[in-house]
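Take a look at the structure below.
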Amino acid sequence: MPELPEVETVARDLRTAVLGRMVLGVTLLRPSVVRHPAPERFVDELTGTRFAAITRRGKFIDCALQRDGATAGDLILHLGMTGHLDVRLPAERPRPHTHLSMTLDDAHELRYADARRFGRVLLGPRAELEALGVLPRLGVEPLSAEFTAAALDAVLRHTTRTVKAALLDQRGVAGLGNIYVDEICFAAGVRPTRRCHRLTRAQRQALHGAIVTVLGAAIANRGSSIDDYRDLWDAQGTHQEVLRVYGRAGLGCLRCGSLLRRTLVAGRGTTYCSVCQR
DNA sequence: ACCTACCTGGCC
DNA sequence: GGCCAGGTAGGT
């Protein structure tokens, strides 16, 4: 469900809601959502910590924790396809499939829910989690200074895979998913089925520009609420209203009017304009 | 570089 | 009942 713009929106709101708060208690209703460490240790090590910083890396939310003012690892959350975070008062009924609830020192609860359970939760120093192999090593952050046209070239140039598959791979560029890859390909005028090594330099540059502008616009609109994405306060984003290809198969291209096609690429439903995208 | 499995819910 | 869904991981 959430891709980079939705995760960024939730991370920013989370900063407002829980930064500086202490975790007084932890209720782990479905231990299997915690991938590391073991459930008892997870609860013990999280209890009594304070949220010191909240950042996003790809589609992961990283809450840096402190205990007695000293660094105490990171609470790392991935929302999968259907994950939700809520900040609610205890009297409010938890949404279905709530797997983890943290009671905070301002009387609110921070809750993690995920119907399909494709998401996960981890706790520990980020470096340690990466060393253990329980956190994947992610590619370049597309909204960082390191994401230059040359950096994208390095991802695309030496592979024969489709552009769609390469951009979905979190080890290349971190944070892109099915909606935004289709939108990026349309904005760049590139077919998602195109093989990376056959891209022209101009096409690679167009993709680089499109990644930055599409993600920026989606964040400004607080993400796309297609099915069940909602922010921390249960409000919808508005970017779904301006998507140009995702969800528009069979409708007219907003640029040239021809019917948008839908195919399967890299195992994912893919919509594109066969006239505007080459 | 693919392909399937992992889950639940909603729609036809 | 079957198909589809914003995402990975693991096996071939």
Side-chain angles (χ1 to χ4, degrees), chain A residues 1-11 29-36 56-61 76-85 95-99 112-122 129-130 132-139 155-186 192-198 214-215 218-219 221-231 236-250 262-271:
Chain A
M1 166 282 283
E3 305 180 28
L4 186 151
E6 291 76 30
V7 177
E8 177 67 24
T9 299
V10 171
L29 296 101
R30 186 181 287 271
S32 64
V33 302
V34 174
R35 300 304 170 82
H36 189 88
R56 177 196 55 73
R57 177 82 174 93
K59 297 172 191 171
F60 290 86
I61 295 170
I76 296 181
L77 307 163
H78 193 295
L79 300 177
M81 294 264 263
T82 50
H84 285 279
L85 292 177
R95 75 170 68 230
H97 304 288
T98 294
H99 305 312
Y112 172 87
D114 181 14
R116 290 177 74 181
R117 279 181 266 141
F118 288 173
R120 50 226 138 103
V121 178
L122 305 102
L129 297 173
E130 283 170 357
L132 283 169
V134 290
L135 260 190
R137 12 188 223 304
L138 298 174
V155 171
L156 298 178
R157 204 138 40 163
H158 298 297
T159 177
T160 58
R161 332 155 73 179
T162 60
V163 169
K164 175 116 185 186
L167 292 182
L168 285 173
D169 188 341
Q170 303 297 299
R171 296 169 300 184
V173 180
L176 305 181
N178 205 34
I179 295 177
Y180 295 107
V181 168
D182 278 12
E183 294 297 311
I184 286 160
C185 286
F186 178 79
T193 50
R194 176 128 248 153
R195 299 279 158 178
C196 289
H197 65 298
R198 303 233 180 282
V214 167
L215 293 178
I219 291 170
N221 289 327
R222 298 183 58 81
S224 301
S225 292
I226 305 294
D227 185 8
D228 57 6
Y229 166 71
R230 299 293 183 277
D231 68 18
Q236 300 196 2
T238 60
H239 198 72
Q240 68 280 3
E241 295 165 16
V242 295
L243 293 174
R244 297 172 79 185
V245 283
Y246 184 88
R248 299 195 68 251
R262 182 179 166 87
T263 59
L264 208 60
V265 187
R268 316 296 302 275
T270 299
T271 307

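We use all heavy atoms of the structure for the numbers below, so side chains are in, but hydrogens, waters and symmetry mates are not. Per chain, numbering begins at 1; letters A, B, ... match sequence-line order. Small disclaimer: the values here were computed from a predicted structure and weren't measured.
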Next on the checklist: Is the phosphate of B:dA1 approached by A:T160 (side-chain N or O, under 4.0 Å from OP1 or OP2)?
Outcome noted: yes

Exercise. Report yes if at least one side-chain N or O of A:H78 is closer than 4.0 Å to OP1 or OP2 of C:dT8; otherwise report no.
Key: yes

For A:H97 and B:dC7, is the shortest distance between a side-chain N/O and OP1 or OP2 below 4.0 Å?
no

- prompt: Which is true for A:S224 with a 4.0 Å heavy-atom rule: it touches a base, it touches only sugar-phosphate, or it touches nothing?
  reply: base

Which of B:dC2, C:dA9, B:dT8 is nearest the side chain of A:R116? It is B:dT8

**Message:** OP1 or OP2 of B:dT8 versus the side-chain N and O atoms of A:R117: is any pair under 4.0 Å?
**Reply:** yes

Separation of C:dG6 atom C1' from A:L176 atom CG, nearest Å, is 13 Å

Requested in this report: Taking A:R195 for its side chain and A:T160 for its backbone only, find out whether a donor-acceptor pair lies under 3.5 Å.
Outcome: yes

Looking only at heavy atoms, the pair that brings A:T159 and A:V155 closest together is CG2-O, 3.9 Å

d(A:R248 CZ, A:T271 OG1) to nearest 0.5 Å is 10.0 Å

A:R57 CZ to C:dG7 C1', in whole Å, measures 17 Å

Atom CZ of A:R95: over 12 foreign heavy atoms under 6.0 Å | yes

Checklist entry - Any stacking of A:F118 on C:dT8, going by centres under 5.5 angstrom and planes within less than 30 degrees? => result no

By nearest-nucleotide position on DNA chain B, the 5'-leaning member of A:G267 and A:T159 is A:T159

Legend entry - A:Y229 vs A:E3, side chain to side chain donor-acceptor pair (under 3.5 Å): CA-CA, chis, key distance, verdict: CA-CA 10 Å; A:Y229 166 71; A:E3 305 180 28; over 6 Å; no

Inset, instruction - Check the angle between the aromatic planes of A:H78 and A:F60 and answer parallel, tilted or perpendicular using the 30° and 60° thresholds. - result: perpendicular

(message) Taking any heavy-atom pair under 4.0 Å as a contact, classify A:G177: base, sugar-phosphate, or nothing.
(response) sugar-phosphate

From CG of A:L135 across to P of C:dT8 the rounded distance in Å is 12 Å

Separation of B:dC7 atom C1' from A:R35 atom CZ, nearest Å, is 11 Å

Euclidean distance for C1', B:dA1 against C:dG6 (whole angstrom):
23 Å

With the side chain defined as heavy atoms from C-beta on, A:E6 is closest, among B:dC7, C:dG6, C:dT8, to C:dG6

Verify the contact: side-chain N or O of A:Q170 to OP1 or OP2 of C:dG7, cut-off strictly under 4.0 Å; return yes or no. no

With a 4.0 Å limit, can you tell me whether A:R268 has a side-chain N or O closer than that to the phosphate oxygens OP1/OP2 of C:dG6?
yes

| said: Please report the distance separating the P of B:dA5 from the corresponding atom of C:dG2, rounded so that it comes out in whole Å. | reply: 15 Å

A:D114 atom CG is separated from C:dG7 atom P, nearest whole Å, by 13 Å

To the nearest angstrom, the CG-C1' distance between A:N221 and C:dG6 comes to 16 Å

query: Quick one: is C:dA9 close enough that its OP1 or OP2 comes under 4.0 Å of any side-chain N or O from A:R120?
result: yes

Judged by nearest nucleotide, the residue sitting upstream toward the 5' end of DNA chain B, A:R30 or A:A165, is A:A165

- Item | OP1 or OP2 of C:dG6 under 4.0 Å from side-chain N/O of A:Y246 | yes

Do the charged groups of A:R244 and A:D182 touch, with an N to O distance under 4.0 Å? no

Practice prompt. Remember a base hit wins even if backbone is also touched, and classify A:N178 as base, sugar-phosphate or nothing at under 4.0 Å, heavy atoms.
Written response: sugar-phosphate

For DNA chain B, the expected dot-bracket line (Watson-Crick or G-U under 3.5 Å, [ ] crossing, | inter-strand) is ||||||.|||||

Taken to the nearest whole Å, CG/A:L264 to P/B:dT4 is 11 Å

**Q.** A:I226 and A:L243: CA distance, side-chain angles, deciding distance, side chain to side chain contact (heavy atoms under 4.5 Å, CB included) verdict
**A.** CA-CA 10 Å; A:I226 305 294; A:L243 293 174; 3.7 Å; yes

When every non-hydrogen atom of A:L264 is compared with those of A:G269, the smallest separation belongs to CD1-N, 3.7 Å

Taken to the nearest whole Å, CG/A:L168 to P/C:dA9 is 14 Å

Interatomic distance at C1', B:dG10 relative to C:dT8, whole Å: 22 Å

